[in-house]
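Every heavy atom of this structure was used, including side-chain atoms; hydrogens, water molecules and symmetry mates were not.
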Amino acid sequence: MHKYKLGEMLLQENLITPVQLEKAIAEQKTANKRLGHVLIDLGYISEDNLLKTLGKQLDTPYVNLNDVVVESEVINLISEDICRRYKVVPYLVEGNTVFIAMIDPLDFRVINDIKFLIHKEIKPMLASEKALTKAISKYYGLTDEMRDMVKELDSDLLDKAPVEETENEGRRDEEAPIIKIVDLLIINAVKEKSTDIHIEPFEKNMRVRYRKDGILHEVPAPPFALYSAMISRVKIMALLDIAETRLPQDGRISKKILGRDVDFRVSIVPNQFGERIVLRVLDRGTTVLDLEKLGMQGEDLTKFLDAINKPYGMILISGPTGSGKTTTLYAALTKIYSTEYNIMTIEDPIEYSFFGIGQVEVKEEIGLNFAKVLRSFLRHDPDIILLGEMRDFETADIAVRAALTGHLVFSTIHTNDAPSSVTRLIDMGIEPFLINSCIVMVMSQRLVRKSCEHCREQYIMKADQQLSALGVVVNKAGAKFYKNSGCEICGGSGYKGRIAIFEIMVMDPELKTLIAKRAEPYELKDAAMKNGMRTLFQAGLDQALKGMTTVDELIKVAGTAD
């Protein structure tokens, strides 16, 4: 073992200062934690640098598992059960020696047990617990099931695509393993509550990723030889042209999974090495259409409920794709739904089936666009209209006039914040006096990952420049926030699920005066904040103080207080 202590080595490497070390040692006495963890918590050093130095202290090399790709032959040396029990991952083989990533490379009991099981020499390597947990989930998630299905395939069948469902039963049985593999990827994505499935070809392999809680996670992929067959299988399911490989294609799949109906929007785009597939998962069974559970509380909820209960006018929700706008709109319809109202929606595509509501899906290829459907809707005596998106002047103009003639109109628009939505409408060609007459409220929203309740830990952020930069006003004791260490329940990410944060701008006389003058977005923002509007960051900060999310996640999604 190295003769220097960890603190001394960090000083020698110029990774911390003597003052920082002194503060960390003082903090360690009260926090009852290891010095390294205290230094990370105080923000003095990154986990990566700490582990590199710790590896030198222990005379054990450090490996960052996030930066390496482990071959399947290496992974197959040790079972998933052993890896999870001992928290180890094999990542390299040289001759008769297997390099094993471990949290504690000095645990000789674990080293000897694995050596006995695999009959090879073991070279321990230091790795972080979070990276190990992530690697185990990445490399062992589907390996056994996938391996069993691949074994069912004859070697000469790997390069063949699945045939049409209408062909003879014998051939369908022969292709069944391909069908099972694609179904397995889809079913597993639904089980893990993923929102998207990405299947991407590269020169010699393919990558499969699930988007969970807004972040893409790589999962074990089938052998690359099955790639063409999988692409064809997805095209068959989505009723697309199997022979077309040069042009983008879009389709839809409906399947019954885990006892409920799940829809998938399919998009196929040619790229350098083949065709790239993205399946958007529309799982109605797991969708929460409850404003409070989505994250809307307190004064925000009061303002929103007051707006959606107006007899007429327009309510706009802004935000990027995937920020939960449609879910919020349907949660609003759930609140105000009544058989006394004629409620109609125009969507591209229909994401949620809602009994008692007239829903129309846009089909641009036959000329059925938002404007045409909206114009027809007005002849059907609607009380409430949900317009999926305002993309152009014609659609916006009809929607504005509908809101002015006794209809309550909900819609979405792609802008970064609430004040910018008004400017966007003016840019489209809508006159400011019409905007002032019809808009009741504009809301911007984002989705932030929720802190895992099983591994979140509270810490005190001191009342210094860091808090001032966040716009937090506290006493000298500081403010209580939360950080995540990662655990098996959240897959090592520290987060599980998502909630929305909202920026709500209610129209008032001062705002209307500025809109009439075609004021800039920053002027509208200043006026709205004087009237009680909280920015996305301020709304998210409240959730961070409650332990619902972290400051790091908030800054990543909503930026800073500025």
A.B. asks: Could you check whether K255 pairs with D261 (Lys NZ or Arg NE/NH1/NH2 to Asp/Glu carboxylate O, under 4.0 Å)?
C.D. replies: no
A.B. asks: Look at the side chain of T513 and the backbone N and O of P509, then say whether any donor-acceptor pair between them is shorter than 3.5 Å.
C.D. replies: yes
A.B. asks: Which atoms form the tightest heavy-atom contact between D213 and R449, and what is the distance?
C.D. replies: O-CG, 3.1 Å
A.B. asks: Would you call K546 and D542 a salt bridge, taking side-chain N to carboxylate O under 4.0 Å as the test?
C.D. replies: no
A.B. asks: Taking 4.0 angstrom as the limit, do E275 and K235 come out as a salt bridge?
C.D. replies: yes
A.B. asks: Between H414 and G319 (side chain of the first, backbone of the second, donor and acceptor by atom type, cut-off under 3.5 Å), is there such a pair?
C.D. replies: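 Yes: the side chain of H414 pairs with the backbone of G319.
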A.B. asks: Quick one: closest heavy-atom pair of S254 and D263, and the distance?
C.D. replies: OG-OD1, 2.7 Å
A.B. asks: Output yes when a side-chain donor or acceptor of E244 lies under 3.5 Å from a complementary backbone atom of R246, and no otherwise.
C.D. replies: yes
A.B. asks: Any chance NZ of K496 has more than 12 other-residue heavy atoms, nucleotides or ligands included, within less than 6.0 Å?
C.D. replies: no
A.B. asks: What pair of heavy atoms forms the shortest contact from Q458 to Y482, and how long is it?
C.D. replies: NE2-OH, 2.9 Å
A.B. asks: Quick one: does any side-chain atom of D383 pair with a main-chain N or O of Y341 as donor and acceptor, under 3.5 Å?
C.D. replies: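 It does not hold such a pair.
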A.B. asks: Is the shortest distance from a Lys or Arg side-chain nitrogen in K212 or D196 to a carboxylate oxygen in the other one below 4.0 Å?
C.D. replies: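 D196 and K212: not salt-bridged.
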A.B. asks: Please determine whether a side-chain nitrogen of the Lys or Arg among K335 and E292 lies less than 4.0 Å from a carboxylate oxygen of the Asp or Glu.
C.D. replies: yes
A.B. asks: Are any of the side-chain nitrogens in E394 or R375 under 4.0 Å away from the carboxylate oxygens of its partner?
C.D. replies: yes
A.B. asks: So, does S323 use its side chain to make a donor-acceptor pair with the main chain of R446 at under 3.5 Å?
C.D. replies: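 No.
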A.B. asks: Please check this pair: side chain of T405 against backbone of A402, looking for a donor-acceptor N/O pair closer than 3.5 Å.
C.D. replies: yes
A.B. asks: Which heavy atom of G367 sits nearest to which heavy atom of K372, and what is that distance?
C.D. replies: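 Minimum heavy-atom contact is O-CD, 3.4 Å.
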A.B. asks: May I have the step-by-step check of salt bridge (charged side-chain N to carboxylate O under 4.0 Å, His left out) for D250 and R265, ending in yes or no?
C.D. replies: CA-CA 8 Å; D250 294 307; R265 286 165 55 186; over 6 Å; no
A.B. asks: For N436, I'd like to know if atom CG has over 12 heavy atoms of other residues, nucleotides or ligands within 6.0 Å.
C.D. replies: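 Check passes, neighbour count above 12.
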A.B. asks: Do the side chain of S493 and the main chain of C490 share a donor and acceptor less than 3.5 angstrom apart?
C.D. replies: yes
A.B. asks: Look only at the side chain of E192 and the backbone of A189, and say whether a donor-acceptor pair between them is shorter than 3.5 Å.
C.D. replies: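 No: the side chain of E192 does not pair with the backbone of A189.
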A.B. asks: Test your reading of the model: is there a side-chain donor-acceptor pair from N309 to the backbone of L305, 3.5 Å cut-off?
C.D. replies: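 At least one qualifying donor-acceptor pair exists.
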A.B. asks: Between S451 and T550, do the side chains contain a donor N or O and an acceptor N or O under 3.5 Å apart?
C.D. replies: no
A.B. asks: Walk me through it: do K530 and D508 pass the test salt bridge (charged side-chain N to carboxylate O under 4.0 Å, His left out)?
C.D. replies: CA-CA 11 Å; K530 288 177 184 176; D508 64 66; over 6 Å; no
A.B. asks: Between K325 and Q445, which heavy-atom pair has the shortest distance, and what is it?
C.D. replies: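 Scanning both residues, the minimum pair turns out to be N-NE2, 3.7 Å.
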A.B. asks: Look at the side chain of Y227 and the backbone N and O of F202, then say whether any donor-acceptor pair between them is shorter than 3.5 Å.
C.D. replies: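 Pair absent, no side-chain N/O of Y227 close to backbone of F202.
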A.B. asks: Are E218 and R209 ion-paired here, with the side-chain N under 4.0 Å from a carboxylate O?
C.D. replies: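 A salt bridge is absent here (no side-chain N lies under 4.0 Å from a carboxylate O).
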A.B. asks: Which heavy atom in A399 sits nearest to a heavy atom in M390, and how many Å separate them?
C.D. replies: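 Heavy-atom minimum between the residues: CB-SD, 3.9 Å.
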